[in-house]
Amino acid sequence: MRYTYEVNPRPPELGGGWRLRLLDRGEEVGGGVFPAGQGTPQEVAEWWNGQNEAEHAWWVEWVQHKHGIDNATPAEVHAIYLRNVAYHEASDEGDDWLDSRPKD
C-alpha cells in the first residue's frame, strides 16, 4: 500500500498517549501527538459519578481483564479511559487521512 499510518505509544516521560505517523510509501509525511492526560480529581469524580453501577462494574472488569489491574480505583480506570479516547482520536485521524488520499 502506498498510504498507511501507525499509532505508537508515547513514553510516559513525554506525556504518554499516542503518536500518529502518516506514511507515504513508508516515509513519514505528517502526523501528530495525542496525549492521554490523567484528569483532575474533580474530572475523575464527575466522570465516575456520571455512570451507574453496571457501568462501574463493566469498566473495572475491563481494566482488570485488559490491563491486569485488580480492584482498580476510579482514577486508574479514568486514566485508562482517557488513554483509549486518545488512541481512538489518533486512529480516527489516520483513517480520515487515508480516506482523503488518492486511490491508486
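Computed from a prediction, not measured in an experiment: that's the story for all the values here. All residue numbers refer to positions in the sequence shown, counting from 1.
Y5 pairs in a side-chain contact (heavy atoms from CB on, under 4.5 Å) with only one of the listed residues (L22, V29, D96, L23), which is L22.
Aromatic ring centres of W47 and Y81: separated by under 6.0 Å.
Within the structure, the ring-ring contact (aromatic ring centres under 6.0 Å, His included) test picks out the following pairs touching residues 14-43 (sequence neighbours left out): W18-Y87. Counting only residues at least two apart or on different chains, the salt bridge (charged side-chain N to carboxylate O under 4.0 Å, His left out) pairs with a member in residues 3-21 are E6-R21, R19-E28, R21-E28.
Between E93 and W97, every side-chain heavy-atom pair lies at or beyond the 4.5 Å cut-off.
Of all heavy-atom pairs between A86 and P35, the closest is CB-O, 3.7 Å. Nearest heavy atoms, A36 versus R83: CB-CA, 3.7 Å. The two residues Y3 and P102 come nearest to each other via the heavy atoms CE1-O, 3.7 Å. The minimum heavy-atom distance between D24 and R2, with the atom names listed, is OD1-NE, 2.9 Å.
More than 12 heavy atoms of other residues, nucleotides or ligands sit less than 6.0 Å from atom CD of Q51. Within a 6.0 Å sphere centred on CG of N52, heavy atoms belonging to other residues, nucleotides or ligands number more than 12. More than 12 heavy atoms of other residues, nucleotides or ligands lie within 6.0 Å of CD in E76, so this atom counts as buried by the packing criterion.
By the criterion of side-chain heavy atoms lying less than 4.5 angstrom apart, applied directly or through intervening Ile, Leu, Val, Met, Phe, Trp or Tyr residues, V7 is not grouped with V33; the two fall into different hydrophobic clusters. The same ILVMFWY cluster, assembled from side-chain heavy atoms under 4.5 Å apart, contains both V85 and V63. W58 and I69 fall within a single hydrophobic cluster, where Ile, Leu, Val, Met, Phe, Trp and Tyr are joined by side-chain heavy atoms under 4.5 Å apart, directly or via other members.
Residue N8 holds its CG atom at 9.0 Å from CG of L20, rounded to the nearest 0.5 Å. Taking CG of N84 as the reference point, atom OG of S91 lies at 11.5 Å (rounded to 0.5 Å).
Between the side chain of Q64 and the backbone N or O of E61, no donor-acceptor pair lies under 3.5 Å.
Ring geometry for W62 versus W59: interplanar angle over 60°, hence perpendicular rather than tilted (30 to 60°).
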Notebook entry, point to check: Given I80 and H67, is the side chain to side chain contact (heavy atoms under 4.5 Å, CB included) satisfied, shown in steps?
Noted result: CA-CA 9 Å; I80 291 169; H67 299 277; 3.4 Å; yes

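For V60, the side-chain contact (heavy atoms from CB on, under 4.5 Å) partners at least two apart in sequence or on another chain are W48, V77.
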